[in-house]
Amino acid sequence: MNILVTGGLGYIGSHTCVKLIEAGYTPIIIDNLYNSKKAVLERIAQITGKCPQLYIGDVRDKKLLTTIFSNNEISAVIHFAGLKAVGESVTIPLAYYDTNVYGSLCLAEVMQKHKVYNLIFSSSATVYGEKNPTPYIETFQTGNITSPYGWSKFMTEQCYIDLQHSEPNQWSISLLRYFNPVGAHPSGLIGEDPQGTPNNLMPYISQVAIGKRPFVSVYGDDYATPDGTGVRDYIHVDDLAEGHVATLQMINRAGIHCYNLGSGSGNSVLEVIAAYENACGHPIPYKIMPRRAGDIDAFWADASKAKKELGWQTRQTLADMARDSWNWQIKNPNGYIDGKE
Ligand code: NAD
Ligand code: UFG
């Protein structure tokens, strides 16, 4: 069964392609290499023994999408392609709405023309905004979001909900709200490869652990959490990837299917640093800094709906996430390097 994977060379997309192949599916990738390298394809092939077909191009290119749907019998689409840096989205909001919202509309329009009605969308816990209590439940009202990135996910969800309602017996659309994906494939062949300074906690810690940066800035130690630092629901990227395979059960089950993909519990910044120290075997210097604008003290998922309906739950611990992140970091100190495969 062919699954079109937009953004399939990216961090979560590449891990999902591996899981898809292992589950017997055939991923076909479209990626414009904006935040990834072609070398990823080779790595997927090294892990699985199968090299997915790759179309290098943009999800906003309806002509290219038409070619892909005309030349391949696609059963479902998993839509990862997008921009994801929360801070950057405040500076260049139009780029975020263009790629994330318009790109998602182009994709759905071409799917509709080709009568492909199964869609899985990468959403985010950020849609729950600032006002909801934790743990987040899928039925909570979304909104009150602080970044254009978050609004782009909120808007895309709404566009897809309206589309599903317009052809309720056709579309099966799954909105997957990811919590904080970290870690890497245990082989160390694929992982997260941030360009420039990492925005997120674990990639930053891993660069301190390997000596590229002097210390971790801990953004605030006066939050209403047990140790005062921010608490998040970290999820191993392989568990997250398996969540997509589990969601493929929803193929041809018309409706909007919304799931939190998280572990159901949280860890503080200091706990993540401690787990990483255990993984790498040496202390990780850190400094307490002022709070980062837009951060909230704590959130984690109520992950019971995905467990009940998809039979999916996370299996890997924070220690596993730190171990696999470190393994990826030491095997690829400079990330992916094209042409050296
Ligand atoms: P990523 O940047 O590693 O992967 C995205 C991929 O999409 C990249 O390979 C990039 O080159 C490609 N891409 C970007 N714009 C494109 C376009 N216009 N056309 C075709 N390809 C394009 O990001 P990721 O961490 O793998 O995230 C995947 C999805 O999950 C994104 O939609 C992101 O918003 C969402 N998400 C990520 C996180 C997270 O913390 N990583 C959390 C919640 C949601
Ligand atoms: N943090 C630090 N130092 C750093 C980076 C982060 O102390 O260098 C702290 C943050 O203040 C926060 C925690 O570590 O308390 C996690 O921060 P991340 O930046 O790793 O993750 P966020 O929870 O801020 O955001 C991530 C993604 C968003 C997504 C959200 C929910 O970046 O895209 O998870 O899924 F929306």
Side-chain angles (χ1 to χ4, degrees), residues 5-16 29-38 40 55-61 64-65 78-87 89 95-96 98-100 102-104 106-107 121-128 136 145-147 149-150 152-153 156 176-182 191-195 197-205 207-208 213 215-221 223 225 229-235 237 240-241 244 260-262 266-270 272-273 286-301:
V5 183
T6 77
L9 294 185
Y11 173 47
I12 306 170
S14 57
H15 288 79
T16 302
I29 297 172
I30 172 173
D31 199 302
N32 68 354
L33 304 179
Y34 176 82
N35 194 33
S36 53
K37 302 220 170 73
K38 250 178 99 177
V40 177
Y55 290 87
I56 296 177
D58 201 292
V59 284
R60 292 164 296 182
D61 181 349
L64 174 63
L65 289 176
I78 307 181
H79 179 32
F80 294 106
L83 307 181
K84 65 164 181 176
V86 176
S89 76
Y96 274 70
D98 189 27
T99 298
N100 293 4
Y102 176 66
S104 299
C106 292
L107 177 66
F121 172 59
S122 294
S123 190
S124 167
T126 193
V127 300
Y128 290 108
Y136 293 160
I145 299 163
T146 48
S147 74
Y149 166 75
S152 76
K153 293 294 178 188
T156 305
L176 301 185
R177 295 175 180 162
Y178 309 157
F179 283 68
N180 289 56
V182 295
E192 188 166 12
D193 181 16
Q195 308 301 306
T197 308
N199 297 307
N200 298 116
L201 180 63
M202 197 174 281
Y204 201 101
I205 293 175
Q207 293 198 1
V208 174
R213 298 182 190 275
F215 60 89
V216 180
S217 299
V218 175
Y219 297 136
D221 68 347
Y223 283 109
T225 61
T229 65
V231 168
R232 297 289 183 274
D233 185 337
Y234 296 93
I235 170 172
V237 65
L240 182 60
H244 294 76
N260 286 339
L261 296 187
N267 287 105
S268 72
V269 176
L270 295 182
V272 178
I273 293 175
Y286 67 85
K287 286 187 190 168
I288 306 296
M289 306 294 267
R291 292 180 177 199
R292 186 172 65 176
D295 275 351
I296 54 176
D297 53 357
F299 63 82
W300 57 89

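Keep in mind that this is a model prediction, so the values were computed, not measured. No hydrogens, no waters, no symmetry mates; every other heavy atom, side chains included, goes into these values. In each ligand, atom 1 is the first atom listed, and ligand 1 is the first ligand listed.
- By the 4.0 Å heavy-atom criterion, Y149 is counted among the residues contacting ligand 2.
- Using a 4.0 Å cut-off to heavy atoms of S124, the atoms of ligand 1 that qualify are 43 (C), 44 (C).
- Taking each of Y55, F80, Y178 in turn, the one with a heavy atom nearest to atom 30 (O) of ligand 1 proves to be Y178.
- Among R232, R292, K153, the residue whose heavy atom lies closest to atom 24 (O) of ligand 2 is R292.
- Checked by atom type, the side-chain pair Y128/N260 shows a donor-acceptor distance below 3.5 Å.
- With distances taken over non-hydrogen atoms, the option nearest atom 15 (O) of ligand 2 out of G266, G87, G230 is G230.
- In this structure, the protein non-hydrogen atom closest to atom 36 (F) of ligand 2 is S124 OG, 2.7 Å.
- A donor-acceptor contact shorter than 3.5 Å is absent between the side chain of K84 and the backbone of Y149.
- Contacts between L201 and ligand 2 below 4.0 angstrom, taking non-hydrogen atoms only, involve backbone and side chain alike.
- With ligand atoms numbered from 1 in the order given, ligand 1 contributes 19 (N), 20 (C) to contacts under 4.0 Å with heavy atoms of G57.
- In terms of protein heavy-atom proximity, atom 11 (O) of ligand 2 is nearest to D295 OD2, 2.5 Å.
- Under a 4.0 angstrom heavy-atom cut-off, S123 registers as being in contact with ligand 1.
- N200 contributes no side-chain N or O that, together with a main-chain N or O of M202, makes up a donor-acceptor pair within less than 3.5 Å.
- Closest to atom 1 (N) of ligand 2, if we only count protein heavy atoms, is Y219 CD1, 3.7 Å.
- Closest protein heavy atom to atom 26 (C) of ligand 2: N180 ND2, 3.5 Å.
- Of all protein heavy atoms, the one lying nearest to atom 27 (O) of ligand 1 is I12 CD1, 3.7 Å.
- Near T99, meaning under 4.0 Å from any of its heavy atoms, are these atoms of ligand 1: 15 (N), 18 (N).
- Taking a 4.0 Å cut-off on heavy atoms, Y128 fails to register as neighbouring ligand 2.
- Proximity of T229 to ligand 2, defined as any heavy-atom pair under 4.0 Å, is not found for any part of the residue.
- Contact atoms of ligand 1 toward R60: 18 (N) (distance under 4.0 Å to a heavy atom of the residue).
- Counting protein heavy atoms only, atom 9 (C) of ligand 2 is closest to V269 CG2, 3.7 Å.
- The protein atom (non-hydrogen) at minimum distance from atom 16 (C) of ligand 2 is Y234 OH, 3.4 Å.
- Residue contacts with ligand 1: T6 is excluded, as none of its non-hydrogen atoms falls under 4.0 Å.
- Here S217 has backbone heavy atoms under 4.0 Å from ligand 2, and that is the only part of it that gets that close.
- The nearest protein atom to atom 28 (C) of ligand 2, hydrogens excluded, is given as V86 CG2, 4.0 Å; this is a heavy-atom distance.
- Close approach of ligand 1 to L9 (heavy-atom distance below 4.0 Å) involves ligand atoms 9 (O).
- Around atom 35 (C) of ligand 1, the closest heavy atom drawn from F179, Y11, Y102, Y149 belongs to Y149.
- For ligand 1 and L33, the ligand atoms under 4.0 Å from any heavy atom of the residue are 11 (O).
- Summarising the contacts of atom 2 (O) of ligand 1 with T126, N35, V127, the nearest heavy atom is found in N35.
- Ligand 1 places these atoms under 4.0 Å from at least one heavy atom of S36: 8 (C), 9 (O), 11 (O).
- Between Y178 and H244, the gap from one ring centroid to the other is short of 6.0 Å.
- Under a 4.0 angstrom heavy-atom cut-off, G103 registers as lying outside contact with ligand 1.
- Interface atoms of ligand 1 facing Y34, defined by a heavy-atom separation under 4.0 Å, are 11 (O).
- Atoms of ligand 2 found under 4.0 Å from any heavy atom of V218 (numbered from 1 in listed order, with element): 7 (O).
- In this comparison of V5, D31, N180, the heavy atom closest to atom 9 (O) of ligand 1 sits on D31.
- By the criterion of a heavy-atom distance under 4.0 Å, both the backbone and the side chain of A125 are placed next to ligand 2.
- Residue contacts with ligand 1 leave out E192, since none of its heavy atoms falls under 4.0 Å from the ligand.
- At distances below 3.5 Å, at least one donor-acceptor pair connects side-chain atoms of S122 with backbone N or O atoms of H79.
- Ranking the protein heavy atoms by distance from atom 27 (C) of ligand 2 puts N200 ND2, 3.9 Å first.
- Closest protein heavy atom to atom 19 (N) of ligand 1: V59 N, 3.0 Å.
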